[in-house]
Amino acid sequence: MSARSGGAVERSEPADDVPAVSDGVEDSGGRREQILQAAQKLFAENGFRETNLNDVAIQLGFRRQAVYHYFRSKEDILYELIDRAGQSIATSAQPMLDSDMAPADKLADVVRNHVRQLLTNIDIFRIQFSELFKLSGDRADGLRRDMYAYVREIAEVIEAGQKDGTFVDDVPATAQTLLILGMCNGTTEWYGSFPSMRKIDKIADYAAQLALAGAMGVTRTGR
């Protein structure tokens with residue numbers, strides 16, 4: 001995913017004065033999911049730093065203690081949302097990456113999948129791209145390692161295509177991968193702004209065509 005610089009996020013929601021388990025709150029997966037979805041919406045609309053757990057509680061009509069029962073800080077929610085974003089792409093792409101498809105077909109399918117995943121849950125990825133590289137600590141390092149592992153697997157597809165002559169080899173495979181993913185991730189910046197560009201599958205196909213053209217070194221002269 002795209003790298004952005006920044007310092008560590010401060011834990012602005014200490015829970016020292018709040019009990020870890022609040023009165024009368026059942027450990028329900030449904031309620032936990034409600035909190036995650038409400039926080040995702042608020043982070044996307046108002047920004048992570050401008051949102052606190054009380055905002056999440058108000059959004060859901062809960063007491064603040066009910067939110068603290070599941071998450072001791074808004075950073076805990078952020079980590080889980082970012083992990084979900086990364087896992088949704090990596091898990092959905094894995095069957096393609098593990099397949100015996102030719103490198104060109106595999107790369108095209110992975111790119112299409114990447115764009116579809118981004119644009120069908122755009123809020124969570126906008127949060128990921130904005131916040132991941134501002135986080136520090138072991139949990140953040142683990143999320144970034146997962147991201148780099150995904151990049152490496154796509155680079156291996158490009159390397160295979162370079163070896164069999166499908167793809168040009170004058171640009172390193174990792175650099176090509178990062179450029180391709182940067183193009184794909186950029187769709188989250190403008191998707192929804194252009195009425196004529198709202199069909200996710202069509203955008204995914206365009207991205208796959210551009211990725212293959214670049215990897216193959218295809219150029220056009222004239223019209």
Side-chain angles (χ1 to χ4, degrees), residues 1-6 36-37 39-48 78-97 99 101 103-135 143-144 146-158 161 167 171-220:
M1 318 288 177
S2 62
R4 302 190 183 190
S5 61
L36 285 166
Q37 292 299 319
Q40 176 178 312
K41 182 174 184 293
L42 290 170
F43 291 168
E45 290 178 352
N46 304 328
F48 173 71
L78 178 65
Y79 280 118
E80 182 152 344
L81 290 174
I82 290 176
D83 185 49
R84 282 188 174 195
Q87 291 300 323
S88 72
I89 287 186
T91 301
S92 58
Q94 202 59 54
M96 305 166 200
L97 292 165
S99 74
M101 287 189 291
D105 294 333
K106 188 178 293 191
L107 180 61
D109 278 0
V110 168
V111 168
R112 288 189 191 97
N113 177 73
H114 191 94
V115 173
R116 289 189 190 110
Q117 291 293 323
L118 295 178
L119 299 186
T120 53
N121 198 358
I122 197 166
D123 283 350
I124 195 170
F125 288 103
R126 284 174 172 164
I127 294 165
Q128 182 194 35
F129 299 153
S130 173
E131 301 298 335
L132 177 56
F133 282 84
K134 297 174 185 175
L135 297 170
L143 294 172
R144 287 189 283 267
D146 289 345
M147 181 194 72
Y148 294 139
Y150 174 69
V151 169
R152 184 64 224 153
E153 288 199 80
I154 298 175
E156 288 173 0
V157 174
I158 294 176
F167 301 148
V171 178
T174 298
Q176 288 193 51
T177 301
L178 292 171
L179 288 165
I180 289 168
L181 293 181
M183 171 189 70
C184 294
N185 295 346
T187 61
T188 63
E189 300 284 345
W190 53 260
Y191 180 71
S193 300
F194 302 95
S196 61
M197 290 289 290
R198 288 183 178 169
K199 293 184 178 179
I200 291 174
D201 285 344
K202 188 171 288 293
I203 296 171
D205 285 340
Y206 289 156
Q209 290 172 31
L210 289 171
L212 287 180
M216 292 178 173
V218 175
T219 59
R220 291 188 178 186

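Here the structure is a predicted model, which is why all the values come from computation and not from measurement.
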**Request:** Compare every heavy atom of Gln40 with every heavy atom of Asn121, then report the nearest pair and how far apart it is.
**Result:** OD1-NE2, 3.2 Å
**Asked** Considering only heavy atoms from C-beta outward, does the side chain of Arg84 approach that of Leu36 to under 4.5 Å?
**Response** yes
**Item:** Straight-line distance of Arg112 CZ to Met96 CE, nearest 0.5 Å
**Value:** 9.5 Å
**Message:** Can you tell me how far apart CZ (Phe133) and CD (Gln128) are? Round to the nearest 0.5 Å.
**Reply:** 8.5 Å
**Taking every non-hydrogen atom, the tightest pair across Leu118 and Phe129** = CD2-CZ, 3.7 Å
**Asked** If you round to the nearest 0.5 Å, how far is CG of Asp109 from CG of Asp105?
**Response** 7.0 Å
**Asked** Any idea which heavy atoms bring Ser92 and Pro95 closest together, and the distance?
**Response** O-CD, 3.5 Å
**Message:** As a quick check of understanding, evaluate ring-ring contact (aromatic ring centres under 6.0 Å, His included) for Phe125 and His114, giving each step before the final call.
**Reply:** CA-CA 11 Å; Phe125 288 103; His114 191 94; 7.5 Å; no
**Asked** Checking Arg126 side chain against Ala44 main chain: does a donor-acceptor pair fall under 3.5 Å?
**Response** no
**Prompt:** With sequence neighbours excluded, what pairs up with Asp123 under the salt bridge (charged side-chain N to carboxylate O under 4.0 Å, His left out) test?
**Reply:** none
**Nearest non-hydrogen partners of Ala215 and Leu107, listed with the distance** = CB-CD2, 4.1 Å
**Item:** Check: Val171 main-chain N/O paired with Gln176 side-chain donor or acceptor under 3.5 Å
**Value:** yes
**Prompt:** What are the two closest non-hydrogen atoms of Ala93 and Tyr150, and how far apart are they?
**Reply:** CB-CE1, 4.0 Å
**Request:** Could you tell me whether the side chain of Arg116 and the main chain of Val111 form a donor-acceptor pair under 3.5 Å?
**Result:** no
**Prompt:** Is any side-chain heavy atom of Val115 closer than 4.5 Å to a side-chain heavy atom of Asp201?
**Reply:** no
**Message:** Using 0.5 Å steps for rounding, measure from the CD atom of Gln117 to the CD1 atom of Ile200.
**Reply:** 10.0 Å
**Message:** Closer than 3.5 angstrom, by distance alone: can the side chain of Lys106 be matched with the main-chain N or O of Val157 as a donor-acceptor pair?
**Reply:** no
**Asked** Between Lys199 and Ile203, does a side-chain contact (heavy atoms from CB on, under 4.5 Å) hold up when you go through it step by step?
**Response** CA-CA 6 Å; Lys199 293 184 178 179; Ile203 296 171; 6.0 Å; no
**Item:** Pairing residues for Phe43 by the ring pair (Phe, Tyr, Trp, His ring centres under 6.0 Å) criterion, not counting sequence neighbours
**Value:** Phe48
**Main-chain N/O of Cys184 paired with Thr187 side-chain donor or acceptor, under 3.5 Å** = yes
**Prompt:** Who pairs with Asp146 by side chain to side chain donor-acceptor pair (under 3.5 Å), at least two apart in sequence or on another chain?
**Reply:** none
**Distance (rounded to the nearest 0.5 Å) between Leu143 CG and Gln87 CD** = 9.0 Å
**Message:** Using the rule side-chain contact (heavy atoms from CB on, under 4.5 Å), only one of Val110, Ile180, Thr174 pairs with Ile154; which is it?
**Reply:** Val110
**Message:** Within this structure, what is the NZ-CD1 distance for the pair Lys41 and Ile127, rounded to the nearest 0.5 Å?
**Reply:** 11.5 Å
**Request:** Over all heavy atoms of both residues, which pair between Ala108 and Leu212 is shortest? Give the atoms and the distance, please.
**Result:** CB-CD1, 3.8 Å
**Message:** Looking at Asp83 and Tyr79, would you say the former's side chain and the latter's main chain have a donor-acceptor pair under 3.5 Å?
**Reply:** no
